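Bear in mind the structure is a predicted one, so any value in this text is a computation, not a measurement.
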Amino acid sequence: MTKISKKIKIDVLVVGSGLAGIKASKELADQQHQVLMVTKMKVASGSSFYPLKASLGTQVTKDEDDQQTFLQDIESLSHGMHRQDLAEVYVKDIPERVKEYQDIGVNAKKLAEERKACFANHARDIYLLSDWDQIRDNVRGIFAQYDHLTIMEKTVVITLIKKDQRIVGAILLDEANELVLVECKAVILATGGFGSIYKHNLNPNDVDGSGHILALEAGASLVNMEYIQFIPGITTPKYKTLFGEHTLMYCDDIINENGESLLDPYLPEGVSKDECLEMRSTHGPFTHSLESKYFDIAMMKEIIQSNNEKGFQLQYDPKLYENEEEFYTVYLNWLKEKNIHFIEDEVRIAPFAHASNGGVDIDTYGRTGVAGLYVIGELSCNIEGANRLGGNSTGACMVFGKRAAADCGEYLRTTDVCRVSEDEGNAHLEKLFDERGKIEERGNRFSQHEFKGMEEQAHGMIDRIKEIMWYHGNVVRSEKHLTLAFEEIKRMESQFNLGLFFEQQATRKLAVKARNFIRLSQILLQVMLERKESRGAHYREDYPQENPEYNKRLFVSEGNDRSIQLMFRNQ
């Protein structure tokens with residue numbers, strides 16, 4: 001059986017090293033708390049530091065008068081799916097928080113002119129974040145100044161431990177795949193979204209939804225999980241590169257393999273190709289809420305019908321490169337560094353999974369309703385609803401990273417340590433991976449052939465889930481295909497002995513990832529099935545209209561038997 005190999009005692013465990021995790025860790029270290037930050041990859045990772053995008057933006061409230069206008073922009077885009085209190089905190093706090101980027105080593109450059117962010121109706125100041133390698137070096141330098149801030153890289157959190165209805169610890173897998181018991185007063189989860197559960201995504205591999213499962217199994221709720229951002233990504237000449245939708249202002253057409261217009265067969269009467277492309281140039285993610293939706297629907301329908309994932313070619317007007325606006329030149333010059341030129345090269349795009357609008361339900365301090373558990377960043381269901389305004393996700397990392405750290409600091413000062421023994425940790429772990437009684441007492445008596453077969457099966461299952469999710473849980477969804485997808489994943493789950501696989505030290509992280517993918521994919525397919533309408537980022541081909549009966553947010557919780565519970569609520 002697996003055994004805990006060592007134990008760490010700490011005040012607070014921060015999981016994830018993107019913008020949110022970095023902000024919270026530094027704030028807590030400044031309060032003189034003992035902080036342990038763990039990250040699956042290296043410091044300054046996750047979607048915040050994904051290398052194949054030129055920059056990230058932060059949208060900032062202009063002045064006090066703009067606060068109500070900003071809130072109205074969020075509300076109109078939300079389609080009733082956001083939390084007003086979170087939005088109010090954001091628009092009030094972000095002007096101060098954006099000044100603190102430099103404190104965590106991030107160079108935030110304000111654009112010379114105000115600009116409308118993605119989906120926004122009004123122009124505001126936009127701060128651009130770029131040069132990920134330099135930021136990573138800066139963060140390491142800043143963190144090195146704190147003796148009471150420890151970093152564990154290439155480390156995975158398997159589970160959180162509760163006693164007396166509060167978080168008291170966690171179990172980790174370190175770089176050597178050894179099991180580590182952490183005894184702590186609180187945990188801040190900042191693990192990001194789950195884009196890599198899709199075959200084609202614009203995320204690093206560590207953005208895999210692990211935090212969603214950790215929070216859910218600890219007693220928190222998920223909400224708005226059906227609202228996933230899919231944006232066009234470049235498939236060629238450099239795969240998995242972020243596509244700048246603003247360039248579609250200069251796009252004449254998007255064509256298929258036969259050189260035919262992709263849009264012509266899908267555009268309804270009254271919507272011209274030019275109108276569709278111009279509208280699509282104003283926002284990155286797909287939304288059912290605008291007539292530009294046919295651009296993404298056309299691509300995904302063609303892919304589903306042909307099983308051809310090469311993407312579709314864009315035809316540009318050369319005047320694109322005459323636009324000297326900073327928002328264009330930063331992106332186009334970055335593409336040149338990647339040897340991509342929209343006029344000289346054959347550039348193809350396709351829908352890619354990008355970000356989640358939903359996540360763990362939190363309050364204005366990142367609290368989850370579970371004592372000692374905070375969630376921030378993309379893992380949280382933050383200020384957005386069915387759609388997300390561009391430039392708010394990075395800012396929310398700063399706003400709620402600071403607020404969560406402030407509240408967590410007070411919690412730490414008023415909370416006593418609860419001891420967790422290695423035996424308790426081992427029992428917790430055994431229960432986690434033996435929920436169906438599948439673990440066999442075989443020690444290490446595994447033939448090489450058996451082990452290799454299970455490893456191949458695990459990789460194959462993960463790849464198959466990514467394929468299923470991309471084809472059936474992407475832009476175009478229907479009851480038939482969502483149901484078939486769910487049933488296939490259930491079959492795969494029943495045929496794989498995760499507990500036995502986890503026994504092997506070399507493949508423990510692979511076992512954890514497979515388990516998380518199985519659970520999360522089923523949750524996503526269930527919520528997509530449950531919302532029988534189209535709204536914002538959620539498009540049901542068999543229910544193509546927004547339905548007032550669904551003016552409620554869909555919550556996900558876990559029952560005592562680990563079953564998934566779904567409930568629509570007016571909150």
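- A salt bridge links Glu346 with Arg348; the closest basic N to acidic carboxylate O contact falls under 4.0 Å.
- Proximity of the aromatic rings of Tyr294 and Tyr266 is defined here by a centroid distance below 6.0 angstrom, and this criterion is not met.
- For an aromatic pair to be called close, the ring centres must be under 6.0 Å apart, and His341 with Tyr321 satisfies this.
- Counted within 6.0 Å of CD on Glu324, heavy atoms from surrounding residues, nucleotides or ligands total 12 or fewer; the atom is thus considered open.
- Salt bridge Arg519/Glu217: present, at least one basic N to carboxylate O contact under 4.0 Å.
- Using a 4.0 Å cut-off between a side-chain N of Lys or Arg and a carboxylate O of Asp or Glu, Arg115 and Glu325 qualify as a salt bridge.
- Counted by atom type alone, Asp253 and Ser261 present one or more donor-acceptor pairs between their side chains at under 3.5 Å.
- Under a cut-off of 6.0 angstrom, the local environment of CD in Glu113 is sparse, with at most 12 non-hydrogen atoms contributed by other residues, nucleotides or ligands.
- Asn203 and His354 share no side-chain donor-acceptor pair at under 3.5 Å.
- Other residues, nucleotides and ligands place more than 12 heavy atoms under 6.0 Å from the NZ atom of Lys273.
- Centroid-to-centroid, the aromatic rings of Phe400 and Tyr90 stay 6.0 Å apart or farther.
- Of the charged side-chain nitrogens involved, none lies within less than 4.0 Å of a carboxylate oxygen, so that Asp463 and Lys199 do not count as a salt-bridged pair.
- For Gln305, the CD atom sits in a packed shell: over 12 heavy atoms of surrounding residues, nucleotides or ligands are nearer than 6.0 Å.
- Taking 4.0 Å as the cut-off between side-chain N and carboxylate O, Arg124 and Asp73 count as a salt-bridged pair.
- Without hydrogens or angle criteria, Tyr198 side chain to Ala353 main chain gives no donor-acceptor distance under 3.5 Å.
- Under the 6.0 Å cut-off for aromatic ring centres, Tyr250 and Tyr316 do not qualify, their centroids lying 6.0 Å or more apart.
- Summarising the local packing, NZ of Lys552 is surrounded by 12 or fewer heavy atoms from other residues, nucleotides or ligands at distances under 6.0 Å.
- Judged by distance alone, the side chains of Asn392 and Glu384 do bring a donor and an acceptor atom under 3.5 Å apart.
- With respect to the salt-bridge test (charged N to carboxylate O, under 4.0 angstrom), the residues Asp542 and Arg477 do not qualify.
- Ring centroids of Phe352 and Tyr239 are separated by less than 6.0 Å, placing the two rings close together.
- Counting non-hydrogen atoms of other residues, nucleotides and ligands closer than 6.0 Å to CD of Glu257 gives a total above 12.
- Aromatic pair His246/Phe327: ring centres closer than 6.0 Å.
- Salt-bridge check for Glu487 with Lys490: failed, with every basic side-chain N at 4.0 Å or more from each acidic carboxylate O.
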